[in-house]
There are 2 protein chains.
Amino acid sequence: MSPTTRASRRRRPAAVTIHDVAARAGVSVATVSRVLNRKTPVREETSRQVLEVARSLRYVPNVAARSLSIRRSHTIGIVLPEVHGDFFSEVIRGIDLAARRAGYHILVSGSHSDRNEMLEVLAAMRGRVDGLIVMSPDVALSALHDQLADQLPLVLLNSVAEGHTAITIDNYGGAHAMMRHLGTLGHSRIAFIKGPDRNADASERLRGYRHAMRQIGGRAADLEVPGEFSEESGYAAAGSILARHERPTAIFAANDAMAVGVLSAVAAQGLNVPADMAVVGFDDIPIARYLAPPLTTVKVDIAELGRRSFEAVIDRIDRGLPDQPRHECIPTSLVVRQSCGAATSLRRTKKASGKKKTTRQEEI
Amino acid sequence: MSPTTRASRRRRPAAVTIHDVAARAGVSVATVSRVLNRKTPVREETSRQVLEVARSLRYVPNVAARSLSIRRSHTIGIVLPEVHGDFFSEVIRGIDLAARRAGYHILVSGSHSDRNEMLEVLAAMRGRVDGLIVMSPDVALSALHDQLADQLPLVLLNSVAEGHTAITIDNYGGAHAMMRHLGTLGHSRIAFIKGPDRNADASERLRGYRHAMRQIGGRAADLEVPGEFSEESGYAAAGSILARHERPTAIFAANDAMAVGVLSAVAAQGLNVPADMAVVGFDDIPIARYLAPPLTTVKVDIAELGRRSFEAVIDRIDRGLPDQPRHECIPTSLVVRQSCGAATSLRRTKKASGKKKTTRQEEI
DNA sequence: CGCCGAAATGTAAACGGTTACATTCGAGAC
DNA sequence: GTCTCGAATGTAACCGTTTACATTTCGGCG
């Protein structure tokens, strides 16, 4: 029974397989496989021959068969709360870029911060991916332990949990630096619009705010207002802040989306930013510089976050898992624009370049 | 040789397979498979038994093996110019939602509108996906014909090409409706900031603008300014428009990102929107309503675009390809806010609900 | 000229499912 | 009790690779 005999036995037009290539090139499938995977010595001559036949036949290896055999899918799974929005899509982009270079694919799914949905997604990815990048700022990871415990290399994004490798943003440092900046400008009654209660980023930013407030000597608690990271919640929060009898002089929104809402609310009351009220955010979303006035904020290199997390999974995949969990922290930088009322000369401050945590950059 | 004998022969901890389940449940692998796939009659009793064992063993079918056997990956590929940004990430979200419901996964990659990169991505997806959703507003699809021609079900997003099913947005209708609206408000010297030259969306929007200008009687050509769909290019374009000696009374940016730049530029010149200059955009990105002043724009249901395109691929996958290419068009709706200077009473106009093309909705 | 060992290649057994086909089971008809 | 026939289940081939192990090839050497 020649190798070609069983071509197109069942459904479909039948694709060309490694057997077809082998037959046509007059060698065995093993040789073809070796040539294609650059393994073990194959005579130059044979190699060229095989390659040529493969190309002429438009042979494309069947990934399923390959995966089944080598037990690798060359795909990594990404589970995020959402798959849209400035932040998440930028993370995806960062990962995609790195993955592509490494010959990997990405499988993306949003969990909507819902425990069951998350479990579902995780279950569905099982077996499809060689590693997992999970971001779950809201859902307690312990709840997912069962699914995550299986021996898949895992990297946590912006959330920490014992025993797992994690990559996070320096939320605390960023918030703290922003507060120092506001302090420098003379502000001390600084209101803070918080993010969702159990969101890890949000609570770190809050921690930075509180710590700085304590240093400044303000009573932070009175000035904290709840928010949900949405423009709408920022708008609402600003409303409540502006209504205070002892009005703060600055508003620090825990993310830019809320800052956008704040700007809108402040303008709606006929007040001027930054003259009547300084407004700052966190994230440096693309439109931040185009707001009126341009928003002072904390810049986060999100794509880098994605890139690093990919490197981390790959690392664990490649050397088998048994290395201990690491924890990386991506530095942030202050971007001073006009909404904070700072003099707007172009100036760039870098502390001893290199391992700086939070750099500061001012722009026009 | 009992089925369990060959467990863990090669690498890795060895996962539990269908054979293990079969052995433990005292049935054959065929029966297990049938139970799990709800195929052909299996006795209620047996079924329960198998299900129980499977659960207790935490059995998860190996997708690679399954794919290899049934020649389906239950995954569809998505190729977009970029994977981040408001528009693209929203498309991904729409597709993800629909896909998840149907038990499908998505494989995403960005092409950066580069021909070679696109070919690469397409090649890498071959065999991994059951169908493709491709958006390539810039790259001529003919260049990709070779890769696309293979028998994979394909749906084009926002671009049309002979012989392919396509889903597009009613860019023409949306732009035209916006122009009618501006006309109603008394504008006739309306500048238009175009999108990238060979971008399909951009040229349709331009077509809508031109057609409307002809009806209004203006000489459109003078008033068209190049743009690149970025905030920055909008800013620059606005600058050149404002410098004209016979200044237009309104600026229509081909997308919201550019409109953001325009607002910023107009403000920078100390002019007021809409009093001195009406500004409108296209897309209705999330922050549009929070801009100062809130932006009048054309709303596009992007998630819906994603959803529909998914339905379309699935359709073709399920019934085998041989149905003729369809072409669907997603309607748009006018969102009147304040940047156009219209009276801002809340009013909602719907023409005979149902197959309306462009609806108009005004809001506070 | 036969022998040796390394290099090159071939053979066939996995990988873990699905499913065509064969087999067994069991209830009702006679 | 036997026969019949559909329902339930089992057997094993097949999906297309990779790769351990077996086999062949071949250049040099005694």
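Order of the sequence lines sets the chain letters (A, B, ...), proteins ahead of strands, with each chain counted from 1.
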S.K.: Measure CZ/B:Arg72 against C1'/C:dG16 and give the value in whole Å, please.
M.R.: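 The distance from CZ of B:Arg72 to C1' of C:dG16 comes to 20 Å, rounded to the nearest Å.
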S.K.: Just to verify, what does B:Glu120 make a side-chain contact (heavy atoms from CB on, under 4.5 Å) with, not counting sequence neighbours?
M.R.: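 Partners of B:Glu120 by the side-chain contact (heavy atoms from CB on, under 4.5 Å) criterion come out as none, since no residue qualifies.
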S.K.: Separation of B:Asn62 atom CG from D:dT17 atom P, in whole Å?
M.R.: 16 Å
S.K.: Send over the distance from B:His19 NE2 to C:dC15 P, rounded to a whole Å.
M.R.: 9 Å
S.K.: When the distance from CD of B:Glu45 to P of C:dC25 is rounded to whole Å, what number comes out?
M.R.: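 For the pair B:Glu45 CD and C:dC25 P, the rounded distance is 17 Å.
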S.K.: A:Asn37 side chain N/O closer than 4.0 Å to the phosphate oxygens (OP1, OP2) of D:dT18?
M.R.: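 Yes, such a contact exists.
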S.K.: Apply side-chain hydrogen bond (donor to acceptor under 3.5 Å, both in side chains) to B:Ser67 and list each qualifying residue two or more places apart in sequence or on a separate chain.
M.R.: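 Partners of B:Ser67 under the side-chain hydrogen bond (donor to acceptor under 3.5 Å, both in side chains) test: none.
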S.K.: Please report the distance, rounded to the nearest Å, between CZ in B:Arg66 and C1' in D:dC15.
M.R.: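 From B:Arg66 CZ to D:dC15 C1': 14 Å.
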S.K.: For a quick check, tell me whether the side chain of A:Thr17 and the base of D:dG16 share a donor-acceptor pair closer than 3.5 Å.
M.R.: no
S.K.: Taking only residues two or more places apart in sequence or in another chain, which ones pass side-chain contact (heavy atoms from CB on, under 4.5 Å) with A:Ser33?
M.R.: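 Partners of A:Ser33 by the side-chain contact (heavy atoms from CB on, under 4.5 Å) criterion, ordered by chain and then number, come out as A:Ile18, A:Asn37.
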S.K.: In whole angstrom, what separates B:Ile18's CD1 from C:dC15's P?
M.R.: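 About 14 Å, once rounded to whole Å.
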S.K.: Not counting sequence neighbours, list each pair that qualifies as a salt bridge (Lys or Arg N to Asp or Glu O under 4.0 Å) and has a residue in residues 102-111 of chain B.
M.R.: none
S.K.: Below 3.5 Å between N/O atoms, which protein atoms pair up with nucleotides 8-10 of chain D? Just atom names and distances, please.
M.R.:
| residue | atom | partner | partner atom | Å |
| --- | --- | --- | --- | --- |
| D:dT9 | OP1 | B:Arg43 | NH2 | 3.4 |
| D:dT9 | OP1 | B:Thr46 | OG1 | 2.4 |
| D:dT9 | OP2 | B:Arg43 | N | 2.8 |
| D:dG10 | OP2 | B:Ser28 | N | 2.7 |
| D:dG10 | OP2 | B:Ser28 | OG | 3.1 |
| D:dG10 | OP2 | B:Thr31 | OG1 | 2.7 |
| D:dG10 | N7 | B:Arg34 | NH2 | 2.8 |
| D:dG10 | O6 | B:Arg34 | NH1 | 3.3 |

S.K.: Could you tell me, to 10°, how much the axis swings from one end of the helix from C:dC1-D:dG30 to C:dC30-D:dG1 to the other, five pairs per end?
M.R.: 60°
S.K.: Distance check needed: D:dG16 P versus A:Tyr59 OH, whole Å only.
M.R.: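 Rounded to the whole Å, the gap is 10 Å.
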S.K.: Is B:Arg71 close enough to D:dG16 that one of its side-chain N or O atoms is under 4.0 Å from OP1 or OP2 there?
M.R.: yes
S.K.: Calculate the interatomic distance between B:Leu68 atom CG and D:dC14 atom P; express it in whole Å.
M.R.: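 Value for this atom pair: 14 Å.
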S.K.: Indicate whether the side chain of B:Arg128 and that of A:Thr75 have a donor and an acceptor atom separated by less than 3.5 Å.
M.R.: yes
S.K.: Applying side-chain contact (heavy atoms from CB on, under 4.5 Å), name anything that partners A:Glu44, two or more places apart in sequence or on another chain.
M.R.: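 Per chain and number, A:Glu44 pairs via side-chain contact (heavy atoms from CB on, under 4.5 Å) with A:Arg48.
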S.K.: Taking only residues two or more places apart in sequence or in another chain, which ones pass side-chain contact (heavy atoms from CB on, under 4.5 Å) with B:Arg307?
M.R.: B:Ala98, B:Arg101, B:Glu304, B:Glu311
S.K.: Residues in salt bridge (Lys or Arg N to Asp or Glu O under 4.0 Å) with B:Arg100, at least two apart?
M.R.: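 A:Glu117, B:Asp96.
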S.K.: Salt bridge between A:Glu90 and A:Arg93, side-chain N to carboxylate O under 4.0 Å?
M.R.: yes
